[in-house]
Amino acid sequence: MTSSLIKLTLTEAAHKRRTFRALEPKSTVPDSTIVKLAEDAILTVPSAFDSQTTRLTVLFGDDHKKLWSITADALLAKIGEERWLGGTKDRIANFANAYGTILFWDDEAPASAMNQNAPDIYKDKTYEWVHQSNGMHQFYLWTALEALGLGANLQHYNPLIDAHVQKTWNVPETWKLKAQLVFGTPKEGPPLPAKAQKLPVDERLQVFGAKI
Ligand SMILES: Cc1cc2nc3c(=O)[nH]c(=O)nc-3n(C[C@H](O)[C@H](O)[C@H](O)COP(=O)(O)O)c2cc1C
């Protein structure tokens, strides 16, 4: 990771990372630090056959607000005024009132090249690997933002907004939108409740042969 602004180790940040929806339109770090994090994710996160299929778009300021205005218009047209006013409007306004959004894309051009070039035994798996690498980028940045004292939540308004977003920010046609990570400074308030674990850890984790 990038800078002296990072105050947590990776495991500390992973522990603290949560879904923060109550965010302020403020940042704990300069925008350049967040851009550098996105560069680091692109340069370091692994991908199958080193195919490097993930793409990112980082939106700040008016561009961040524009994303959520595009999403608002698309949702209102899709779900109608009654459902829009019944909670969706406030949810989208809340995202708009955060500090920024990172868009995660898969680029179909290298993804299909990987599939064509892969040995036959892997051909039915390569697209799954593309998604897995995208998810690694998402976790890297969600956790790294936490390490910078920011908070984030992960949203999925694709594919509803794809065409408008691609036109607005001149995004190549081969990029397919996968997720939107909204970030900002967590609002003051009581801490989030601890995560409710659906099964005890020993029913979800197997370990054999460890010297414990
Ligand atoms: C693949 C994935 C998809 C998710 N999609 C959404 C989403 O569309 N909207 C949302 O508000 N949260 C979404 N989340 C956040 C989860 O609901 C959240 O991570 C989970 O409830 C655990 O809470 P925590 O993030 O505080 O640990 C998603 C998380 C993951 C990993």
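Whatever order the structure lists them in is the order used to number ligands and atoms, beginning at 1.
- Nearest protein neighbour of atom 27 (O) of ligand 1, counting heavy atoms only, is Lys195 NZ, 2.6 Å.
- Nearest protein neighbour of atom 11 (O) of ligand 1, counting heavy atoms only, is Arg21 NH2, 2.7 Å.
- Cation-pi geometry between Arg55 and Trp105 is not met at under 6.0 angstrom from the ring centre and within 45 degrees of the axis.
- For atom 4 (C) of ligand 1, the nearest protein heavy atom (residue, atom name, distance) is His156 CE1, 3.4 Å.
- Side-chain contact annotation: Trp175 with Thr57, donor-acceptor N/O pair under 3.5 Å absent.
- Residue contacts with ligand 1: Arg17 is included, with a non-hydrogen atom under 4.0 Å away.
- Under the 3.5 Å distance criterion, the side-chain polar atoms of Ser51 are left unmatched by any main-chain donor or acceptor of Ala111.
- Among all protein heavy atoms, the one lying closest to atom 21 (O) of ligand 1 is Thr19 OG1, 4.9 Å.
- Using a 4.5 Å cut-off on side-chain heavy atoms (C-beta onward), Pro119 and Phe49 make contact.
- Of the N and O atoms on the side chains of Gln52 and Asp107, not one donor lies less than 3.5 Å from an acceptor on the other residue.
- Using a 30° and 60° split on the angle between ring planes, Phe60 and Tyr99 fall in the perpendicular class, above 60°.
- At a 4.0 Å cut-off, at least one heavy atom of Trp142 sits close enough to ligand 1 to count as contact.
- The nearest non-hydrogen atom to atom 29 (C) of ligand 1, considering only Leu192, Leu154, Val182, comes from Leu154.
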